[in-house]
Amino acid sequence: MKKGILLVLLGAVVFSSCKVSNKQIIRQQHLEEGVESPTTVEELKDAIEKYQKRVADIQLAQSQIGIWYKILGTRYLDQKMYGEALKCFQEALQYYPNNQNLYYYVGVCAGYMSHAAMDFGGSGSTEVKYNYLKLAEEAYLRAIDIEDRYVRALYGLGVLYVFELDEPAKAIPHLEKALSIDTKNIDAMFVLARAYYSNYDFEKSAAMYDKIINTTKSAEKKATAEENKKTVLDAAYSN
């Protein structure tokens, strides 16, 4: 027990210094593992085994750190602290760079942060807002690249294109794919109907609102779809 405490204290002393050298770190590792300068076959094998365990311990610790960053990020997200959540998901990606869920969360947070990107300097610039929106786009696309049937990312990207970046034509294929996977996703139907309308495809827009009317069990959503369909038909007949 005393030996363990001594090692912890020694480690604290070494790593608290701002001028820690590689030699100091190696010396500390040698002390902890009882390995100095192995020469015989047995000593070399023993040293390899000890340091393999050290590597495994480091990998396990790093894996856990990545998971904790993700959990902390979701906690911040639940509290609508999008800036702090974004930082956590960015850190988590350092450990899990191929996790589609992390990219999805980055997209969500970046989208919300674009709304908070006010021009406090009064310069008239929208650069910060635009950068957040492009980050959201990149994150959603990366999530879809990893998992091409990821409905939440397909839907998020559709919302981004339709309501934030004003590029409805880009939203259409992603929303159509989302609905080919989740055929009763009413929210995706609404956004796709809006994308069709914004792209002047009034016939498809009206048909999508009809699909909502025939699918949803919500009286409120049905009424909204009926009202939106009337707007679409009025626009179609006026042209």
Which of parallel (below 30°), tilted (30 to 60°) and perpendicular (above 60°) describes Tyr161 and His174?
parallel

Between Tyr112 and Tyr82, what is the ring plane arrangement, given parallel below 30°, perpendicular above 60°, and tilted in between?
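Taking Tyr82 first and then Tyr112, their aromatic rings lie parallel (interplane angle under 30°).
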
Could you go through the side chain to side chain donor-acceptor pair (under 3.5 Å) check for Asn199 and Arg194 one step at a time?
CA-CA 8 Å; Asn199 207 44; Arg194 174 63 178 268; over 6 Å; no

Tell me whether [X] contacts the main-chain N or O of [Y] through its side chain, where contact means a donor paired with an acceptor under 3.5 Å.
X: Asp182; Y: Ala178; value: no
X: Ser218; Y: Lys221; value: yes
X: Ser114; Y: Gly111; value: yes
X: Lys184; Y: Thr216; value: no

Rest of the hydrophobic cluster containing Met81 (Ile/Leu/Val/Met/Phe/Trp/Tyr, side-chain heavy atoms under 4.5 Å)?
Leu72, Tyr76

For Tyr196, the rest of its hydrophobic cluster, which grows through side-chain links under 4.5 angstrom
Tyr155, Val159, Val162, Phe163, Ile172, Leu175, Leu179, Ile186, Met189, Phe190, Val191, Leu192, Tyr197, Tyr200, Phe202, Met208, Tyr209, Ile212, Val232

Could you give the distance from [atom1] ([X]) to [atom2] ([Y]), rounded to the nearest 0.5 Å?
X: Asp148; Y: Leu154; atom1: CG; atom2: CG; result: 8.0 Å
X: Glu147; Y: Arg152; atom1: CD; atom2: CZ; result: 9.5 Å
X: Tyr95; Y: Ile65; atom1: OH; atom2: CD1; result: 4.5 Å
X: Leu133; Y: Glu138; atom1: CG; atom2: CD; result: 13.0 Å
X: Leu160; Y: Asp166; atom1: CG; atom2: CG; result: 11.5 Å

Where do Leu135 and Met113 land on the side-chain contact (heavy atoms from CB on, under 4.5 Å) test, with the steps shown first?
CA-CA 10 Å; Leu135 173 59; Met113 288 304 295; over 6 Å; no

Side chains of [X] and [Y]: closer than 4.5 Å at any heavy-atom pair?
X: His115; Y: Glu164; result: yes
X: Asp145; Y: Tyr150; result: no
X: Glu127; Y: Tyr132; result: no
X: Glu226; Y: Ile213; result: yes

Give the minimum heavy-atom separation between [X] and [Y], together with the two atoms involved.
X: Ala143; Y: Ala153; answer: CB-CB, 4.0 Å
X: Pro97; Y: Arg142; answer: O-NH2, 3.9 Å
X: Pro168; Y: Ala195; answer: CB-O, 3.8 Å
X: Ala85; Y: Gly73; answer: CB-O, 3.4 Å
X: Gly66; Y: Ala92; answer: O-CB, 3.7 Å

One pair to check against side-chain contact (heavy atoms from CB on, under 4.5 Å): Tyr96 and Lys70. What are the steps and the verdict?
CA-CA 10 Å; Tyr96 296 102; Lys70 179 183 177 182; over 6 Å; no

side-chain contact (heavy atoms from CB on, under 4.5 Å) for Phe89 and Cys109? Distances and angles first, verdict last.
CA-CA 9 Å; Phe89 295 131; Cys109 292; 3.8 Å; yes

Counterpart residues, side chain to side chain donor-acceptor pair (under 3.5 Å), relative to Asp234 (two or more places apart):
Lys230

Does CD belonging to Gln90 count more than 12 external heavy atoms closer than 6.0 Å?
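Atom CD in Gln90 is not packed in, count stays at 12 or less.
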
Test ring pair (Phe, Tyr, Trp, His ring centres under 6.0 Å) on Tyr103 and Tyr140; report intermediate values, then the result.
CA-CA 6 Å; Tyr103 288 105; Tyr140 286 136; over 10 Å; no

Go through the steps for Lys229 and Thr224 under the test side-chain contact (heavy atoms from CB on, under 4.5 Å), then give the verdict.
CA-CA 8 Å; Lys229 179 185 175 183; Thr224 300; over 6 Å; no

